[in-house]
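This report refers to the structure that appears directly beneath it.
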Amino acid sequence: MEVKQSQWKAWLYLAPTIILMIVFTFYPLVNTFITAFKENYNYFSGEYSGIGLGNFEILFVRSDVNPDMNFINIYLKNTALIAVVSVPISIALALIIAVALNSIPKFQKVLQTIFFLPYVTNTIAIGMVFAVMFDDKSGLVNTLVQMFGGDPIKWLGSDLGTAPYVNSLAVLLIYIVWDALPFKILLFLSSLQGIDKQYYQAAQIDGTSKLRTFGRITVPLLSPQIVYLMITSFIGAFKEYNSVISIFDNARPYGYQQNTMATIVWYIYDSLKRVDGGVGRAAAGAVVLFVIIMIITAIQSQVSKRFVHY
Amino acid sequence: MDIRLEKLTKVFQDKGDASQQVRAVDELDITIPSGKLIGLLGPSGCGKSTTLYMIAGLLKPTSGKIFFDDEDVTELPPEKRGIGLVFQNYALYPHMTVLQNILFPLQNLKVPKQEALERAQKVADLVDIGTLLNRKPKQLSGGQQQRVAIARALVKEPRVLLLDEPLSNLDARLRLQTREEIKRIQRETGITTIFVTHDQEEAMSISDEIVVMKTGLEQQKGAPQEVYNNPVNKFVAKFLGTPPINLFFGKVENKGLYIGDEKIGDSELENQDVIVGIRPEGFEVNDEGTGEFTIDIEQVEYIGRDKSIVGRNPYSENPTFRFIIDSDIKNVEPGKQIKATIKKNKCFVFDKITESRIQ
Ligand SMILES: Nc1ncnc2c1ncn2[C@@H]1O[C@H](COP(=O)(O)OP(=O)(O)OP(=O)(O)O)[C@@H](O)[C@H]1O
Ligand SMILES: [Mg+2]
């Protein structure tokens, strides 16, 4: 009797959370899966022409945006490149910067503040600044290039013409890495400060070089954090969208590069804007993204078991 | 190899407030003879670890010098001193196996792989962990971890072995067993060893010599029994021995040593107030309960062949004091008043103000 009552109370306390989760997480999740199979679904009238794989066909085989652009050669390619390049680089950079910061007693606070600046600044705003900096005609970067006697480089595309794919990708990656650094540095710094100093004293007495101490002691001791960042950053990278919009959408009225830099989430948002059947196609994209992230996370958590040392 | 400390001093400066200073180690002059095991003993915060870290080179002395034989090593970085250090919590690398931990110092020295493996196996056998080489530190008991730490310190054949309270994490039985082992390993290797502890019993039982410290200052140095029998001051007398020494307010009058009105011995000193220290084993009691020093018995405990007795005397520094007599002695019961005779060699007299021993 008593057990039942306390159970009842437990459910009552959980109710607000559960209700919110049902409304905002579980229902949309299930609904997305269903919507993904509704062909030519009109969100407002609720009508659709049939249940099938039509939305996925559009996604993989023929894009409605541009016949040359399909899921694999644009959206998946860009997203995967962003993940594979930016995640390892940002983690490695963050680790090196954190170790360096941790070993400088002076100016540590000032330097920390500088590195954490992107963290407290609006992503879109930073993207706009990047767009101005890398502007093909009057940007700061090209001004510098010209100062050193180089020819201006096409970064983002303008009315002078489109920019080469790698250049645009480079700008995007620099931005993403830079934006990702602060949180990672913060995490590494706090973990570093938690490592027992005696490990380093022991290593010092045994005459361990700085590099070896880093490789054989610091990195293994931080391996749980590294794996955590790997998994979360990969998921984050697959959801990359803000950066593309803020850098390349701004290049309008030219807007030449936007489509070539499009990511999976970009496709989802872009589809949503289209009235006739767009919601269904967006849902299909979301389902595919869901499956990809699930597979990657499963693989990573298997691999990480070998990498985390204790 | 001898270790000689010359006026070794370490002053810690408060970062914010320059007037705040801690003299952690104060003009320490000690010579540690080659091949001996020295116990560095003192209460918490007296500067033992600081001394050890200065010898290791992890801390820079404020002034003074450190010699290994005739070589001045004061400015030498830690890795060039040839020391093995066992930390209080062992500091074994958690992500490496026992073998990798032991091999680590050798890899730094670029010892060829085959030779390194042989040496690792040899020290592992010496400390009796030869069968645990593939385990991670987490999978070992405290005592085993401690032996791995010693193996890691010994494998590079150091000139000096430094141990910072290595037994403090172990339970009572393991502690007893491991300290015997440390003694054995030290004898077998013949490495000059400094063993830091605040447990006087531990220090007395394994050291060839002990150094007693207090607030950064050396109090006394010598063979454990010698220091116990002849403490130079009240601090040392109090610090050594379990149960601790009993202290009484006494006086010297006409060549007699008195506690209250009772004359318990003779003295050559001038008439003055003194502190009298009597070791727990310094009370002689007979079956009739006759003697010169009155004790009200409060409690009697049997501990094997001895009786440990809690008694009262109005002149005791503490409300009660504890002494030990043979368990055969009769008529010693709670509530009774008896008289005891004080053994001369177990009774010390200290100056009331300076606290140094005067008799
Ligand atoms: N880095 C430091 N900065 C300031 N004061 C310190 C520092 N390290 C130690 N001290 C002070 O120096 C004194 C001696 O410290 P030390 O660690 O040598 O004591 P210890 O004898 O090893 O004590 P324990 O038995 O508790 O380990 C203490 O008063 C301590 O507060
Ligand atoms: Mg200490």
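Letters A, B, ... mirror the listed sequences (proteins, then strands); counts begin at 1. Just so you know, these numbers use all the heavy atoms, side chains as well, and skip hydrogens, waters and symmetry mates.
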query = By a 4.5 Å heavy-atom criterion (distance strictly below it), what part of B:Phe104 contacts chain A: side chain, backbone, both, or neither?
reply = both
note = Taking every heavy atom of A:Tyr199 against every heavy atom of B:Tyr93, the minimum-distance pair comes out as O-CE2, 3.7 Å
ask   = Could you state the interatomic distance from CD (B:Gln107) to CZ (A:Arg216), rounded to the nearest 0.5 Å?
value = 5.0 Å
message = Quick check on B:Ile83 against chain A: is it the side chain, the backbone, both or neither that has a heavy atom closer than 4.5 Å?
response = both
request  = For atom OH of A:Tyr241, decide whether the heavy atoms of other residues, nucleotides or ligands shown that lie under 6.0 angstrom number more than 12.
outcome  = yes
key: Heavy-atom closest contact (A:Gly207 atom, B:Glu79 atom, distance)   = CA-CB, 3.3 Å
query = Does atom CG of A:Leu211 have more than 12 heavy-atom neighbours from other groups under 6.0 Å away?
reply = no
message = Before you tell me yes or no, could you show the steps for A:Gln201 and B:Tyr53 under side chain to side chain contact (heavy atoms under 4.5 Å, CB included), namely the whole-Å CA-CA distance, both residues' side-chain angles and the distance that decides it to 0.1 Å?
response = CA-CA 10 Å; A:Gln201 293 182 325; B:Tyr53 284 1; 4.2 Å; yes
ask   = So with a 6.0 Å cut-off around NZ of B:Lys183, is the heavy-atom count from everything else above 12?
value = yes
key: Choice from B:Met96, B:Lys80, B:Arg81 maximising heavy atom contacts with chain A below 4.5 Å   = B:Met96
inquiry  = Rounded at 0.5 Å granularity, tell me how far CG in B:Leu106 sits from CG in A:Asp206.
reply    = 9.0 Å
key: Which atoms of B:Leu92 approach chain A - backbone, side chain, both or neither, heavy atom under 4.5 Å   = backbone
message = Counting only heavy atoms from other residues, nucleotides and ligands, does the tally under 6.0 Å from CD of B:Glu75 exceed 12?
response = no
CG-CD1 distance between B:Asn108 and A:Ile205, expressed to the nearest 0.5 angstrom = 12.0 Å
Minimal non-hydrogen separation, A:Gln204 against B:Pro78, with atom names = NE2-CG, 3.5 Å
